[in-house]
Protein chains: 2
Amino acid sequence: MKKNINFKKILRSAKLKKTTPRIAILKVLSKTKHPETTQEIYKKLKKTGIDLTTLYRTLASFEKSGLVRKVDLHKDTIYYESNLSHHHHIICTKCNKIEDFENLEIEKVLKQIIKKSSKFKDIKNHSLELFGFCRGCA
Amino acid sequence: MKKNINFKKILRSAKLKKTTPRIAILKVLSKTKHPETTQEIYKKLKKTGIDLTTLYRTLASFEKSGLVRKVDLHKDTIYYESNLSHHHHIICTKCNKIEDFENLEIEKVLKQIIKKSSKFKDIKNHSLELFGFCRGCA
DNA sequence: TTTTTTGCAAAAGGTTTGCAACACG
DNA sequence: CGTGTTGCAAACCTTTTGCAAAAAA
């Protein structure tokens with residue numbers, strides 16, 4: 001019953017025109033659990049015939065308007081992830097397994113950090129990823 | 001008096017052979033305060049005549065042995081930073097100003113997170129960067 | 001002397017740009 | 001209708017690979 005996400009509404013609130021490619025891209029992103037590269041997302045879009053260039057441009061504009069965020073998995077390429085729920089990752093540097101986590105303490109600590117900062121008085125975003133070997137690879 | 005860093009010693013303890021390019025690259029990295037791209041580092045090395053390929057390979061091996069780490073500044077390219085002191089960054093998304101910070105609380109919180117994890121039992125590394133507008137740009 | 005590293009040239013891969021056609025509002 | 005968006009082709013830039021020469025241990 002809660003299955004249909006209103007993509008048009010999302011685009012409207014992001015002040016982006018609702019176009020076929022954008023809706024298709026949003027759809028793919030919303031189904032994606034873990035961060036993916038542009039190329040990976042592109043593969044999933046192949047059936048739609050959407051151009052790679054369009055995907056690059058769309059991801060850039062989505063990022064600017066906060067619909068997706070960039071995630072660094074220490075992999076020489078940038079990964080994107082839907083920004084609908086804020087969470088972080090633990091990545092196995094051997095098998096690339098990813099575990100998500102949320103943590104409220106982090107937000108508190110960040111507030112302390114900002115308080116101490118001389119140049120900044122608030123932050124809009126943050127990234128936090130942990131790296132190690134998972135139990136299987138340890 | 002404490003000015004000379006013993007680059008050879010660093011390489012030895014990283015189990016890397018001490019070669020001219022590696023020492024030159026270490027030297028540049030040690031002088032660098034903030035994360036830099038491979039290309040930026042390359043420019044600083046121009047006078048030494050070190051090849052770009054060598055730089056790429058060297059940074060990769062330095063990263064593997066923990067001498068440098070990758071930093072994601074949400075900029076479509078990977079930045080490297082000497083790993084001699086562990087700290088994090090606050091980046092102004094407008095003017096690119098960078099402020100460093102250290103925080104011990106973070107490490108504590110990370111330990112809690114790992115305790116809760118089902119797939120991981122320890123981590124070797126982590127990244128944390130904050131993004132926002134600095135006071136000048138706000 | 002054996003092994004690793006380097007430099008060069010070339011290839012590969014990913015991302016961006018220019019522009020005309022098209023779609024949205 | 002005007003403006004923003006798309007698709008295509010080409011350009012661009014960064015990173016990687018193969019191999020022979022040079023340097024390290």
Side-chain angles (χ1 to χ4, degrees), chain A residues 6-29 35-65 67-81, chain B residues 6-29 35-65 67-81:
Chain A
N6 193 336
F7 297 115
K8 293 188 181 175
K9 199 173 175 184
I10 293 173
L11 286 173
R12 204 180 311 129
S13 63
K15 283 167 196 149
L16 293 172
K17 294 189 175 164
K18 1 193 175 334
T19 67
T20 316
R22 283 178 183 162
I23 289 171
I25 293 168
L26 263 189
K27 211 168 185 171
V28 166
L29 289 171
E36 289 191 322
T37 63
T38 308
Q39 303 287 336
E40 287 169 343
I41 298 167
Y42 182 56
K43 273 177 206 139
K44 295 193 179 175
L45 284 166
K46 208 175 263 168
K47 58 186 80 167
T48 68
I50 285 164
D51 193 73
L52 224 201
T53 309
T54 304
L55 178 58
Y56 274 104
R57 288 191 276 222
T58 304
L59 288 175
S61 79
F62 280 7
E63 206 249 337
K64 192 172 282 180
S65 49
L67 262 35
V68 298
R69 59 199 180 99
K70 294 181 181 176
V71 181
D72 176 28
L73 263 32
H74 288 191
K75 285 286 171 42
D76 293 341
T77 329
I78 282 148
Y79 287 69
Y80 284 96
E81 182 175 63
Chain B
N6 193 335
F7 298 115
K8 293 188 181 174
K9 198 173 177 185
I10 293 173
L11 286 173
R12 204 181 310 130
S13 62
K15 282 167 196 150
L16 293 172
K17 299 192 171 160
K18 4 193 173 337
T19 67
T20 316
R22 283 180 183 161
I23 290 171
I25 293 168
L26 263 189
K27 210 168 187 171
V28 166
L29 289 171
E36 290 191 323
T37 64
T38 307
Q39 302 287 336
E40 286 169 345
I41 299 168
Y42 182 56
K43 272 178 207 139
K44 295 192 178 175
L45 285 166
K46 207 174 263 167
K47 57 187 80 166
T48 69
I50 286 165
D51 193 73
L52 224 202
T53 310
T54 303
L55 178 58
Y56 274 104
R57 288 190 278 223
T58 304
L59 289 175
S61 79
F62 280 7
E63 206 248 338
K64 192 172 282 180
S65 49
L67 261 36
V68 299
R69 60 199 180 98
K70 295 181 180 177
V71 181
D72 175 28
L73 263 32
H74 287 192
K75 286 285 171 45
D76 292 342
T77 330
I78 283 149
Y79 287 69
Y80 285 96
E81 182 175 63

Please name the residue in the list B:Leu52, B:Thr58, B:Ile50, B:Leu59 that meets the side-chain contact (heavy atoms from CB on, under 4.5 Å) test with B:Ile41.
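One option only clears the test, and that one is B:Leu59.
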Rounding to an integer number of Å, can you tell me how far [X] [atom1] sits from [N] [atom2]?
| X | N | atom1 | atom2 | value |
| --- | --- | --- | --- | --- |
| A:Lys70 | C:dG14 | NZ | C1' | 14 Å |
| A:Arg22 | C:dC24 | CZ | C1' | 10 Å |
| A:Arg12 | C:dC24 | CZ | C1' | 14 Å |
| B:Phe62 | C:dT5 | CZ | C1' | 12 Å |
| A:Lys46 | D:dG7 | NZ | P | 16 Å |
| A:Glu40 | C:dG14 | CD | P | 11 Å |
| A:Lys75 | C:dG14 | NZ | C1' | 17 Å |
| B:Ile23 | C:dT6 | CD1 | P | 11 Å |

Are the side chains of B:His74 and B:Asp72 in contact, using a 4.5 Å heavy-atom criterion?
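The answer is yes, as the side chains (C-beta and beyond) meet within the 4.5 Å cut-off.
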For the residue pair B:Leu11 and B:Phe62, establish whether any side-chain heavy-atom pair is separated by less than 4.5 Å.
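Yes, their side chains come closer than 4.5 Å.
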Identify the pairs formed between an N or O of the protein and an N or O of nucleotides 16-21 of chain C at a distance under 3.5 Å, and give each distance.
none

Point-to-point distance, once rounded to the nearest 0.5 Å, from CZ of B:Arg69 to OH of B:Tyr80:
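Separation between the atoms: 13.0 Å.
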Taking side chain to side chain contact (heavy atoms under 4.5 Å, CB included) as the definition, give me every residue that meets it alongside A:Ala14, ordered by chain and number, with sequence neighbours left out.
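By the side chain to side chain contact (heavy atoms under 4.5 Å, CB included) rule, A:Ala14 matches A:Leu16, A:Ser65, A:Leu67.
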Which residues pass the side chain to side chain contact (heavy atoms under 4.5 Å, CB included) test with A:Lys15, sequence neighbours left out?
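Once residues adjacent in sequence are excluded, A:Lys15 has no partner under the side chain to side chain contact (heavy atoms under 4.5 Å, CB included) criterion.
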For residues 18-28 of chain B, which side-chain donor-acceptor pairs fall under 3.5 Å, sequence neighbours excluded?
| residue | atom | partner | partner atom | Å |
| --- | --- | --- | --- | --- |
| B:Thr19 | OG1 | B:Arg22 | N | 3.4 |
| B:Arg22 | NH1 | B:Lys17 | O | 3.0 |

Of the listed nucleotides D:dG7, C:dC8, C:dT6, the one nearest the side chain of A:Thr54:
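When the side chain of A:Thr54 is considered, D:dG7 is the closest of D:dG7, C:dC8, C:dT6.
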For the side chain of A:Ile50, counting heavy atoms from C-beta on, which of D:dG7, D:dT6, C:dG14 is nearest?
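My answer, after comparing the listed nucleotides, is D:dG7.
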Distances under 3.5 Å between nitrogen or oxygen atoms of protein and nucleotides 21-25 of chain D:
| residue | atom | partner | partner atom | Å |
| --- | --- | --- | --- | --- |
| D:dA25 | OP1 | B:Lys18 | N | 3.4 |

Can you pull out every salt bridge (charged side-chain N to carboxylate O under 4.0 Å, His left out) where at least one residue sits in residues 37-63 of chain A? Sequence neighbours excluded, please.
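Counting only pairs at least two positions apart or across chains, the salt bridge (charged side-chain N to carboxylate O under 4.0 Å, His left out) contacts touching residues 37-63 of chain A are A:Glu36-A:Lys44.
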